[in-house]
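So that the names make sense, note that chain A is the first sequence line, chain B the second, and so on, each numbered from 1. Quick caveat: nothing in here was measured; it's all calculated off a predicted structure.
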Number of protein chains: 2
Amino acid sequence: MNRKATALDVAKRAGVSRSAVSLVLNGRGDGNVAKESQDRIRAAALELNYSPNAIALSLRNQRSRVIGILSDEVVVSPFDGNIIGGADDIARSRGFVTVVMDTERDTARDASAIETLLDRQVDGLMYVTVGLKPIEVPQGMLRVPSVLANCYDAHPEPQLHHVIPDELTGGREATEHLLQLGHRDIALLAGSEDSPAAPLRVQGYRDAHAAANVPLRSDRIFMAGWDIDAGYRGAMKLLDGVSAAERPTAIMCANDRLAVGVTLAAARLGLRVPEDLSIMGYDDETRIADTMVPALTSMALPLREIGRAAMTKLLDAIEGTDTAGKGTTVETMVPCRLVTRDSTGPAPTR
Amino acid sequence: MNRKATALDVAKRAGVSRSAVSLVLNGRGDGNVAKESQDRIRAAALELNYSPNAIALSLRNQRSRVIGILSDEVVVSPFDGNIIGGADDIARSRGFVTVVMDTERDTARDASAIETLLDRQVDGLMYVTVGLKPIEVPQGMLRVPSVLANCYDAHPEPQLHHVIPDELTGGREATEHLLQLGHRDIALLAGSEDSPAAPLRVQGYRDAHAAANVPLRSDRIFMAGWDIDAGYRGAMKLLDGVSAAERPTAIMCANDRLAVGVTLAAARLGLRVPEDLSIMGYDDETRIADTMVPALTSMALPLREIGRAAMTKLLDAIEGTDTAGKGTTVETMVPCRLVTRDSTGPAPTR
DNA sequence: TTGAAAGCGGTACCAG
DNA sequence: CTGGTACCGCTTTCAA
């Protein structure tokens with residue numbers, strides 16, 4: 001717990017002034033400080049294991065090279081952590097560090113968390129959520145460059161750039177995958193309306209049918225919820241006691257947990273997957289989709305990419321690197337990615 | 001992006017000096033500053049929405065009221081986020097804020113992350129991991145009060161206090177639950193040796209058998225791994241084509257994902273849960289154990305409590321509140337908690 | 001009761 | 001090429 005060496009310590013040891021130390025260690029020694037003084041300074045710095053005090057630097061420069069990440073519940077929940085991972089990748093590669101604060105879905109804490117971050121001179125702010133959702137942008141975010149990841153400004157005149165997954169296309173391509181396998185009766189367990197992602201995925205499902213000119217039965221769409229038991233119950237309703245001719249040949253789920261429930265139901269009913277029933281997940285949750293039996297075909301959310309894109313946008317704004325002026329575009333959409341595994345197959349002939 | 005008000009701004013507006021502002025706003029006005037000056041100062045501060053600059057404060061006080069949390073992968077992984085939630089609860093209640101940095105399991109990044117945190121004057125450090133594990137304590141952690149959560153110092157002479165779940169008792173009580181239901185042939189899918197939790201849970205399983213005087217078949221224990229497919233395969237080996245008399249009446253799993261796999265296998269084999277087979281999980285993962293069909297009986301990891309206990313220990317050390325001297329105890333064990341749901345029931349009579 | 005000044009650890013300007 | 005000095009925003013001591 002001994003105090004760290006300061007620039008003054010280095011200066012003394014090298015027999016020069018603090019200013020010289022500052023110049024040399026910041027690479028502006030040549031032409032300002034004698035060659036041999038430079039060497040002595042560098043040697044002294046090394047011996048004392050000197051590194052400048054970040055606090056003092058921030059105070060002086062009014063910049064900290066720290067990006068504050070505000071999470072609604074990404075840290076504590078099992079979901080979407082890779083957004084932060086991706087954001088951190090980019091930040092580090094550009095010489096910034098990120099610090100995360102999680103409000104555990106208590107939006108009342110947003111303002112104070114942001115105030116805390118701002119008080120500590122963060123150079124920028126990123127708001128990241130579990131699941132696509134509209135948010136009330138906390139006032140403080142407008143005081144420094146900021147960006148939204150996986151969420152968007154609920155106001156009619158959005159102030160901040162946001163980066164979100166392209167759920168519409170995701171829903172469409174998931175459906176297309178099944179249509180291409182020959183399925184003509186595809187049920188949809190569609191999550192619930194509390195998430196804006198759900199209706200988008202439903203719309204994608206509709207669009208795919210329309211584009212393929214396949215008639216669509218609205219009674220095949222269920223706003224079932226998001227959890228395993230919901231998937232189980234939904235599947236039971238669709239499959240239990242229904243003849244092969246009348247049941248859907250595929251069930252598309254709005255997330256992987258629903259798909260787990262559906263798989264469970266199929267197993268209980270003695271239906272083989274994918275021979276009798278194809279099951280499609282969404283999200284491609286690590287260690288769920290890839291480890292299910294059979295492994296789940298799923299539409300992967302581009303979490304890492306969202307984090308990377310959002311952080312890139314943010315740092316460009318901070319460093320004035322963005323090509324056009326700020327606010328040119330307000331939205332970046334990142335495509336989802338189909339991951340084909342073993343739970344989907346050709347439609348059974350009947 | 002207009003600059004924040006400083007103490008000087010407040011002083012000017014109130015027609016006093018900066019020192020007066022400082023005194024009053026820190027509650028040491030009485031007896032030092034005239035009553036009416038105090039009022040003017042407070043009014044001015046309010047009007048200007050003044051809050052002191054945390055950076056300047058840290059520089060001045062050499063303390064920041066910030067706790068750095070270093071995570072191996074708690075943020076990006078789906079697991080154990082509630083440790084951080086619990087830690088944050090305590091920190092906030094005691095006037096500290098936490099900032100989290102996640103190294104995504106790259107221990108090479110530990111040192112630099114800690115250096116960053118230290119450079120920013122964090123008053124304390126907490127290292128938190130996904131899953132119980134021994135760690136190499138990064139040097140820098142010894143320079144400020146620090147604590148380990150869900151992990152422990154791998155060295156023979158541990159320097160830091162750690163808070164971990166009591167896995168031995170957890171394993172024992174999980175087994176006792178099944179024994180009490182009359183099960184006498186309990187298989188164990190035990191995770192893998194890469195986690196120190198696995199052998200402890202196995203030992204608990206053995207202890208419970210010994211205490212109940214129930215003979216134990218070592219060939220019922222499988223180091224199966226941790227994922228759904230591992231549970232599925234393990235269960236198939238135990239159950240498929242085995243007569244009711246020879247198969248175990250209960251399968252205890254080292255985590256909930258294994259239990260999902262087991263449930264899936266049981267469903268495929270036409271076995272009812274819990275009538276024909278009881279299934280026990282571990283971890284009590286949110287939105288898995290509670291939403292399975294049937295809902296999983298599980299041994300809950302006390303994640304939140306671990307975080308709370310660790311942060312309490314840490315803040316006590318920082319504020320010098322700890323009753324005994326530092327380093328009195330080096331370990332805190334937090335008990336796991338049995339959550340009884342629908343996947344376990346009385347052993348079938350045969 | 002008040003204000004001036006020092007100092008936390010740096011950087012940057014400027015005179016020598 | 002060098003060292004002195006002001007300043008970032010705040011607290012604290014000390015003299016008036």
Undergrad: Tell me: NZ of B/Lys35 to C1' of C/dT2, nearest whole Å?
TA: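 Going from B/Lys35 (NZ) to C/dT2 (C1'), I get 17 Å.
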Undergrad: Between atom CG in A/Leu59 and atom P in D/dC10, what is the gap in whole Å?
TA: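 Rounded to the whole Å, the gap is 9 Å.
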Undergrad: Grab the CG-P distance between A/Leu25 and C/dG9 for me, whole Å please.
TA: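 Distance, rounded to whole Å: 16 Å.
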Undergrad: Can you see if the side chain of A/Arg60 gets near the phosphate of C/dC8 - specifically, an N or O under 4.0 Å from OP1 or OP2?
TA: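 For C/dC8, neither OP1 nor OP2 has a side-chain N or O of A/Arg60 closer than 4.0 Å.
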Undergrad: Which whole-number value in Å describes the distance from B/Asp119 CG to C/dG10 C1'?
TA: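 Atom-to-atom, B/Asp119 to C/dG10, this comes out as 13 Å.
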Undergrad: Just by distance, with hydrogens left out, do B/Arg120 and A/Ser58 show a side-chain donor and acceptor under 3.5 Å apart?
TA: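 Result is yes, a qualifying pair exists.
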Undergrad: Would B/Asp80 and B/Asn150 count as a side-chain hydrogen bond (donor to acceptor under 3.5 Å, both in side chains) if you check the C-alpha gap in whole Å, the side-chain angles of each, and the deciding distance to 0.1 Å?
TA: CA-CA 9 Å; B/Asp80 299 0; B/Asn150 213 24; 3.3 Å; yes
Undergrad: Between CE of A/Met126 and CD1 of A/Ile69, what distance do you get to the nearest 0.5 Å?
TA: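 Separation between the atoms: 5.0 Å.
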Undergrad: To the nearest Å, how far apart are B/Leu23 CG and D/dC14 C1'?
TA: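 To the nearest whole Å, that distance equals 13 Å.
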Undergrad: Between B/Leu48 (CG) and D/dG9 (P), how many Å, whole number?
TA: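 Between P of D/dG9 and CG of B/Leu48: 14 Å.
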Undergrad: Other residues, nucleotides and ligands only: do more than 12 of their heavy atoms fall within 6.0 Å of CZ on A/Arg308?
TA: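 Counting other residues, nucleotides and ligands, CZ of A/Arg308 stays at 12 neighbours or fewer.
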Undergrad: Between D/dG4 and A/Ser19, counting only base atoms on the nucleotide and side-chain atoms on the residue, is there a donor-acceptor pair under 3.5 Å?
TA: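 Donor-acceptor pair under 3.5 Å: yes.
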Undergrad: Under 4.0 Å between a side-chain N or O of A/Gln121 and OP1 or OP2 of D/dG9?
TA: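 The answer is no; no side-chain N or O of A/Gln121 sits under 4.0 Å from OP1 or OP2.
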Undergrad: Calculate, to the nearest 0.5 Å, the distance between atoms CG and CD1 belonging to B/Asp102 and B/Ile84 respectively.
TA: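 If I round to the nearest 0.5 Å, the distance is 7.5 Å.
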Undergrad: Using atom NZ of B/Lys12 as one end and atom P of D/dG9 as the other, report the distance to the nearest whole Å.
TA: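 Spelled out: NZ on B/Lys12 to P on D/dG9 is 11 Å.
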Undergrad: With a cut-off of less than 4.0 Å, is there a side-chain N or O of A/Ser22 near OP1 or OP2 of C/dT11?
TA: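 Result: yes.
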Undergrad: Contact class for B/Val21 (heavy atom, under 4.0 Å): base, sugar-phosphate, or nothing?
TA: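 The answer is nothing, as B/Val21 stays clear of every strand by at least 4.0 Å.
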Undergrad: Taking only the side-chain heavy atoms of B/Ala34 (C-beta and beyond), determine which of C/dG3, D/dG9, C/dT2 contains the nearest atom.
TA: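 Comparing C/dG3, D/dG9, C/dT2 against the side chain of B/Ala34, the answer is C/dT2.
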Undergrad: So, OP1 or OP2 of C/dT11: does either fall under 4.0 Å of a side-chain N or O from A/Asn26?
TA: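 Answer is yes, contact under 4.0 Å.
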Undergrad: With respect to the side chain of A/Gln62, which nucleotide from D/dC10, C/dG10, D/dC8 is positioned closest?
TA: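 Of the options given, the side chain of A/Gln62 lies nearest D/dC8.
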Undergrad: Tell me whether the side-chain N/O atoms of A/Ser37 come closer than 4.0 Å to OP1 or OP2 in D/dT2.
TA: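 Yes, within the criterion.
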Undergrad: Would you say B/Arg63 places a side-chain N or O within less than 4.0 Å of OP1 or OP2 belonging to C/dC8?
TA: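 Checking B/Arg63 against C/dC8: no side-chain N or O falls below 4.0 Å of OP1 or OP2.
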Undergrad: Name the residue closer to the 5' end of DNA chain C, choosing between B/Ser17 and B/Asn61 according to the nucleotide with the nearest heavy atom.
TA: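 Nearest-nucleotide comparison on DNA chain C picks B/Ser17.
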Undergrad: Starting from P on C/dG9, measure out to CG on A/Leu57 and report it in whole angstrom.
TA: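 In whole Å, C/dG9 P and A/Leu57 CG are 12 Å from each other.
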Undergrad: Counting side-chain heavy atoms from C-beta on, which of D/dC10, C/dG10, D/dG3 comes nearest to B/Asn53?
TA: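 Closest nucleotide to the B/Asn53 side chain: D/dC10.
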Undergrad: Kindly indicate whether the side chain of A/Arg18 and the base of C/dG10 share any N or O donor-acceptor pair separated by less than 3.5 Å?
TA: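 In this structure, the two groups form a donor-acceptor pair.
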Undergrad: Begin from the C-alpha positions of B/Gln121 and B/Asn61 and carry the test side-chain hydrogen bond (donor to acceptor under 3.5 Å, both in side chains) through to its verdict.
TA: CA-CA 10 Å; B/Gln121 302 277 26; B/Asn61 298 336; over 6 Å; no
